[in-house]
Engineer: 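Below you will find the structure I want to go over with you.
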Amino acid sequence: MHVPSTDTCKAPDNRLSKSNQLEDKTAADEGGKTGSTGGEPRLINLPSSCGSSGSNSLARPLTDRAAVERDLVVSGEQRRVPGPEKVSPAPALFAQLHGGAMRRLEDDEKPLQMQNEYLSNLGYGDPWRVQEEGMDPEIGCLIRFYAGKPQCVGGADRVQLTGVFNVRKGKLALPVNRWSRRHVTLSGTCLIVSSVKYAHTGKMHILPLIGGKVEEVRRHSHCLAFSSSGPQSQTYYISYDSYTEHLRWHRQAAKIVSQRVSSVDLSCCSLEELPSPLFYSQDLTHLNLKHNFLTGLTHLTRFCRLRSLNLSNNALSDFPLAVCDITSLTELNLQGNLLTSLPSVLGTMHNLQTLLLDGNSLNSLPADLCSLEALTYLGLSFNLFSCVPPALEKLRGVERLCLAGNQLSSLDMAGLQWLPHRHIDLRLNRLQRVVVGEAGLLCHVAQLDVRDAGLEELDVRTLSRLELLRCDRNTLTLLRVSGLALKGLHTAQNGTHTLTNMDTCCSNCPHCREWRDTYVLDISHNNIKELPIRLFCSASLRKVLVGCNGLRRLPERLEKSQLEVLDVQHNLLTELPHNLFIKAQSLRYLNASANKLECLPPASLSEESFSSLQELYLTNNSLTDKSVPLLTGHAHLRVLHLAYNQLQTFPASKMARLEQLEELDLSGNRLRAVPTTILSCRHMHTLSAHSNNITVFPEVLQLQDMKCVDLSCNELCEVVLPESLPAKLQELDLTGNPRLNLDHRSLDNIRCFRVDPSPSSLCGSEGPGEPAVWSHGYTEASGVNNKLCVAALALDSFCGSREALYGVFDGDRNVEVPYLLQCTMGDVLAEELHKSKNQEDYMTNTFLTMQRKLGTAGQRLGGSAALCHIRHGLVAPSDRGGGGCFTVTAANVGRCQAVLCRDGKALPLSTTHTVRQQSEYQRARQHHAIITEDNKVNGVTDSTRIMGYSFLCPAVTPRPHVSTVTLTPQDEFFILASRGLWDTMSTCEAVEAVRNVPDSLAAAKKLCTLAQGYGCPDSLCAVVVQLSITEDCCCCEPPPPPPSPGLETQHTPTAGNTHHHPGYGSADGTLPLPPPAMGTGSEVSSEVSTSEMSSEVGSTASSDEPANQTEKGVALGGRGGVLGRGAGVYGGGRASFQRQYSGALSDNGLDSEDEEPIAGVFSNGSRVEVEADIHCLRARPLPPPACQSAPTPPSSPPQLFPDHHPGAGSGSSSASRTLGGTLGRKGRGNGSVACQGRSQDVIEEVGDAPVRKQGGYFNAPAQPDPDDKLVIPPELEEEIREIMKQQEQSQTHPQGHQTHPQSPPAAEYYVTPF
């Protein structure tokens, strides 16, 4: 809410300003000294006061050409009233939302109440939690209050730059010109130089900069030369005190002089009144003042040449009458204000051509508006009109009727005959009926847009000259349109209702079925069974989109076809027209994926082919090897997708003929090899052949343009690499090849290298005959611009062995928000589990808190997110009601979704929030949001609930949709995926596609490959979590308390004890931990270069359990690690200390030059940490328990990471200590897991831990410091092992004599082994 105020925006620099009561003689003398050379400057006599807005005697600034081009001088007496300069009132309170403009609070507004209301609107329901969030210092990135308006607000440099510097006029070579101390101001389009002593009363020199020059003076440090344009140009040299000032002035002045028109942009500058120096920009033609809080607009009449004025989003409740006196104005923008009516005087603006009034509260127009004969565009969208205003009938020059988002309930065709508009926009109205008019009176209407209008039937045959019809996203069951002049028909996405009755015939046009003038036809996502027979005979038809229908065949007649784009995916086609490629020689793009094709039509009838086909998508069909030779006729083919067909071979001779091929996808077939002639494809940059039976690695790395190679889920045994890898290689995925033995030291320059972890690094959480409860696999794929804007979070063991957390994040076109969500959301959820009272609250508060932690990145950027949290509930078997004791809580915002497969059927766990939902649309409109033509809120996002984009709040909020489902034995798996996947397939289709894929990694790969084959150009991410819920896997007893981190309890199993694998507790009631995903390296994620992350966008360390660390080494990290970019780690049963890094800088102990990881050593960015369990090193004697036989002293020193042998007893002290995992332990700030109050239990050698920065960021190095990494050359490894072994033996023997005689000898300490 804007508050009227008399406060002005003064110049920030008032160091040497004096009183206004000074003698004119002194001022004149000072002015004479300044301008004594180069001829006498001209004086400008400005009016001493401003007349009324309608007065004809109002004196305006001098506008002759000579005065503009020369150096201007204004006398001191005339400078007292150049603009709305007033006395500043007492300091007031200001509020700033999302780092944007600041507004003055009214007297009755209370900051604390405003903050509480803001947090409540954000989604917090608990008053106590609202108070807690309000006290958090990071809340300042969302809402902030100031006592008095700060000088350095956003856009202050654009308002004006001012200071006192050394100034010299004229040429530097002339000795008569000397340096003088002057007060200099850069505002608008002018440079203003005045006296220091009499800055507000003396004469000043005005230098117009439009078309001039600003140059650096090399002979003087921090000096700039300002020159005006024209034959009588003047030059001023200004010497600055610092390089910072020099750079600020140079940057701003360079923008001014580079402009071709005289324009000033003061948007988002928190202005309440116009700055005074702005009025000296005499020839200003374009002024942008949007997103301010302006009230005093009477002085706008001083800009006598102003042509364009933007006053949008200024909270204006009354129309500014002063703009009506600007006779030169041709464009006026008043969008997003609070106008309820328009004045009649608006009709006097005879030169006005464009008037934008969208996003107000208008319900009528004045009759005088018809006097605007020059008006060509009038925007009235998103107001409160219930009918077409009668005043529009006389606006004969307006060609476009913009009434989208109003309250029209019917479309009266008869009423359109009186309107002159050719283009009619009525989208987002709730049209209940359409009244048919007379055809002869509606010949002028050429375009009609009724998208999202809720129509069930549409008959527009009376619009005989209709060229473009847009009726997408309705519920049409009947459509009748004249095809006489139709050039574009868009009827996509009409819900579940059928569109089987589409009549395109006109009674007086028997040949209109030929679609002779139609250029684009989009009828996808309907239920059309058949197309017109002569559809493809049209010589004008260029683009046909008929995907996602029920077509069983396409028209066979193709005569003189000029078709260029044909999309027939997701139909029931068994064959394509036999002469499709022969007749349609202009066809460049064909997508026939998700059909039942068994063969392809030939490219030509002879060996010579004239095919122009460049992109061919045939994914998910039934094509066999017989179809491959038919592809060779398309010599210009660049993109070929043949994934998930029935191919067994791809002849080398056929591949050699596809020389122009750039992208090839052969995934999901039965290929045993990639043809060696692929080297003839010199421009190949992407090869995807996962989920085949390939045993030999193709020689594709010899192609210099190769960027991405995906050969995962095959049967590769070895990889032969060339001496030099392609310089553009970004991704090499070799996961899911269990027999592959690869030394990846030579692949360090690849940005994203994925490989299975070594068997020794996998955690042994699965015992014989005891399957895991859940396991996961996930994959990511970059879009067509090679930019990965998605991220995944996969933690099979989260906050203990009975919980898991999975997430998918999509930033659309930005990478910052997904990475921040991936790094911190797990930690935030773990904190909320202890704060919130019920399941829905903790998940909702996780998203709301994450909005705050995004900091300044979340103010202008945003992203979708979906989380699934599996928990173990303590429910008695009698109270389950047929369900289990595990529940999955899902929450999502944006377009990321989750779906559960229960007994073969899709059970959605999430929902999307868009303006198509009436409640979401009303909420967005309540906060004055505008929905653009691409269905986005203020043109930014198509979701009304999303992370980030806080500048759109409260129209767009981060409050998620939360659902909780109890898992049952009928639940098979669930899927989380990003926006791009759900844009190309439904939840039912996704579940059906991967239900019979036993491997979770292969299932995730298949989903992303299918989406790419269906034409998705965006980044993709999919997580598939396999479930194995049984009745006996649920334990209704609470988990055992965490063991004491102090003394060990020595226990030897009795003869009657049976062995159980650590981490499984069928005898003690514990729950098995999930294993790696079905034998594939599904945790292996993309290792992102640290240069992609800004130093401000850091990472946080999670306190979740990482993989086990055996004697041979920790889980493979870094380039080929189990934890690449925040991937989940499986909780191990033998690890005493475990760690999970979710940051992009963590490499989990594997340096790029290390031959193998070092057990117990972790490297996180610029720190190295060494962990050791003190309790395993310093043993204390304990009296044996009564049920224990005589203890057997250990014959060898205890190991930090003992190997697990099948015959070992499970009741040992180390196993009992591992039983509780990290329960009862506290996550440290640097990611380590330490016992509460026992920080001495962890030995660390670390640098400074990352500290939190106000605004939600975390400080982290942009790149790991090479000096901080623990690097051991391979040639010295054996020597170091021998030295450490000798040191260990030398320190073990003397300690044995110092221990108590009744206790076994124990080592004082041990060095962490390799």
Side-chain angles (χ1 to χ4, degrees), residues 10-18 30-39 41 68-74 79 151-152 156-200 202-230 232-259 264 275-278 280-282:
K10 292 184 177 180
D13 193 357
N14 295 323
R15 289 176 292 180
L16 299 175
S17 60
K18 297 295 181 179
E30 183 67 31
K33 295 179 182 179
T34 306
S36 58
T37 61
V68 174
E69 294 180 351
R70 298 191 56 185
D71 176 29
L72 307 181
V73 180
V74 180
R79 291 193 57 198
Q151 296 291 342
C152 53
D157 290 352
R158 290 186 287 115
V159 176
Q160 66 179 23
L161 292 175
T162 184
V164 178
F165 309 106
N166 290 325
V167 179
R168 185 170 182 174
K169 181 181 178 182
K171 298 182 179 180
L172 291 177
L174 297 178
V176 66
N177 297 331
R178 294 182 300 175
W179 293 94
S180 303
R181 200 72 172 169
R182 292 291 181 265
H183 189 278
V184 185
T185 301
L186 181 63
S187 179
T189 61
C190 298
L191 181 73
I192 305 172
V193 181
S194 60
S195 169
V196 174
K197 187 175 182 180
Y198 310 112
H200 293 282
K203 294 181 180 180
M204 63 181 179
H205 301 256
I206 301 176
L207 189 68
L209 295 179
I210 295 295
K213 294 185 300 181
V214 55
E215 299 173 326
E216 294 188 25
V217 181
R218 298 182 179 180
R219 289 181 295 174
H220 297 270
S221 60
H222 314 325
C223 183
L224 293 176
F226 295 85
S227 302
S228 60
S229 62
Q232 300 179 359
S233 63
Q234 297 288 339
T235 301
Y236 279 90
Y237 296 89
I238 302 177
S239 179
Y240 299 94
D241 300 332
S242 65
Y243 177 73
T244 303
E245 285 289 326
H246 167 270
L247 188 62
R248 289 175 57 203
W249 283 70
H250 191 195
R251 184 187 298 114
Q252 184 63 22
K255 296 178 182 179
I256 298 176
V257 299
S258 62
Q259 296 177 3
V264 173
S276 301
L278 180 64
Y280 293 107
S281 301
Q282 301 176 10

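Predicted model, so just to flag it, every value in this text is computed and none were measured.
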Engineer: How far does SG of Cys190 sit from NE2 of His205, to the nearest 0.5 angstrom?
Structural biologist: 14.0 Å
Engineer: Does the side-chain contact (heavy atoms from CB on, under 4.5 Å) test come out yes or no for Lys213 and Val257, once each step is laid out?
Structural biologist: CA-CA 6 Å; Lys213 294 185 300 181; Val257 299; 5.9 Å; no
Engineer: Within the 4.5 Å heavy-atom criterion, are Arg181 and Asn166 side-chain neighbours or not?
Structural biologist: yes
Engineer: Just wondering, do Val184 and Tyr236 contact through their side chains at under 4.5 Å, heavy atoms?
Structural biologist: no
Engineer: Ser281: which residues meet the side-chain hydrogen bond (donor to acceptor under 3.5 Å, both in side chains) condition with it, sequence neighbours left out?
Structural biologist: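 Counting only residues at least two positions away or on another chain, Ser281 forms a side-chain hydrogen bond (donor to acceptor under 3.5 Å, both in side chains) with Thr189.
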Engineer: Determine whether Arg158 and Lys255 make a side-chain contact, defined as any pair of heavy atoms from C-beta on separated by less than 4.5 Å.
Structural biologist: no
Engineer: Could you state the interatomic distance from CD (Glu215) to CG (Leu224), rounded to the nearest 0.5 Å?
Structural biologist: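 So the gap between those two atoms works out to 10.0 Å.
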Engineer: Test side-chain contact (heavy atoms from CB on, under 4.5 Å) on Thr235 and Ser227; report intermediate values, then the result.
Structural biologist: CA-CA 4 Å; Thr235 301; Ser227 302; 3.0 Å; yes
Engineer: Please determine whether side-chain contact (heavy atoms from CB on, under 4.5 Å) holds for the pair Asp241 and His222, giving the CA-CA distance in whole Å, both sets of side-chain angles, and the decisive distance to 0.1 Å.
Structural biologist: CA-CA 7 Å; Asp241 300 332; His222 314 325; over 6 Å; no
Engineer: With side-chain contact (heavy atoms from CB on, under 4.5 Å) as the criterion, how do Met204 and Tyr280 come out once you've worked through the C-alpha distance, each side chain's angles and the decisive distance to 0.1 Å?
Structural biologist: CA-CA 11 Å; Met204 63 181 179; Tyr280 293 107; 3.0 Å; yes
Engineer: State, to 0.1 Å, how close Val264 and Gly188 come at their nearest heavy-atom pair, and which atoms those are.
Structural biologist: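 It is CG2-CA, 3.7 Å.
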Engineer: For residues Tyr237 and His220, is any side-chain donor paired with an opposing acceptor at under 3.5 Å?
Structural biologist: no
Engineer: Measure the CZ-OG distance between Arg182 and Ser194 for me, rounded to the nearest 0.5 Å.
Structural biologist: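 Going from CZ on Arg182 over to OG on Ser194, the span is 9.0 Å.
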Engineer: Would you name the heavy atoms of Leu209 and Leu186 that are closest together and state the gap between them?
Structural biologist: CD1-CD1, 3.5 Å
Engineer: Does a side-chain heavy-atom distance below 4.5 Å link His183 with Thr185?
Structural biologist: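 Yes, their side chains come closer than 4.5 Å.
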Engineer: Tell me if a side-chain donor or acceptor on Ser228 pairs with a main-chain N or O of Gln234 at a distance below 3.5 Å.
Structural biologist: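 Yes, the answer is positive, given that a donor and an acceptor are paired below the 3.5 Å cut-off.
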Engineer: Nearest 0.5 Å, what's the NE2-SG distance between His246 and Cys223?
Structural biologist: 7.5 Å
Engineer: Taking all heavy atoms of Phe226 and all of Ile238, pick out the closest pair and write down the distance.
Structural biologist: CE1-CD1, 3.6 Å
Engineer: Report yes if the distance between the aromatic ring centroids of Phe165 and Tyr240 is under 6.0 Å, otherwise no.
Structural biologist: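 Close enough - the centres of the two rings lie under 6.0 Å apart.
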Engineer: Holding to side-chain hydrogen bond (donor to acceptor under 3.5 Å, both in side chains), I want the full list of residues that pass it with Arg251, two or more places apart in sequence or in another chain.
Structural biologist: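 For Arg251, no residue satisfies side-chain hydrogen bond (donor to acceptor under 3.5 Å, both in side chains) once neighbours in sequence are set aside.
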Engineer: Could you grab the distance from atom CH2 of Trp249 to atom OG1 of Thr162, nearest 0.5 Å is fine?
Structural biologist: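 It comes to 6.0 Å.
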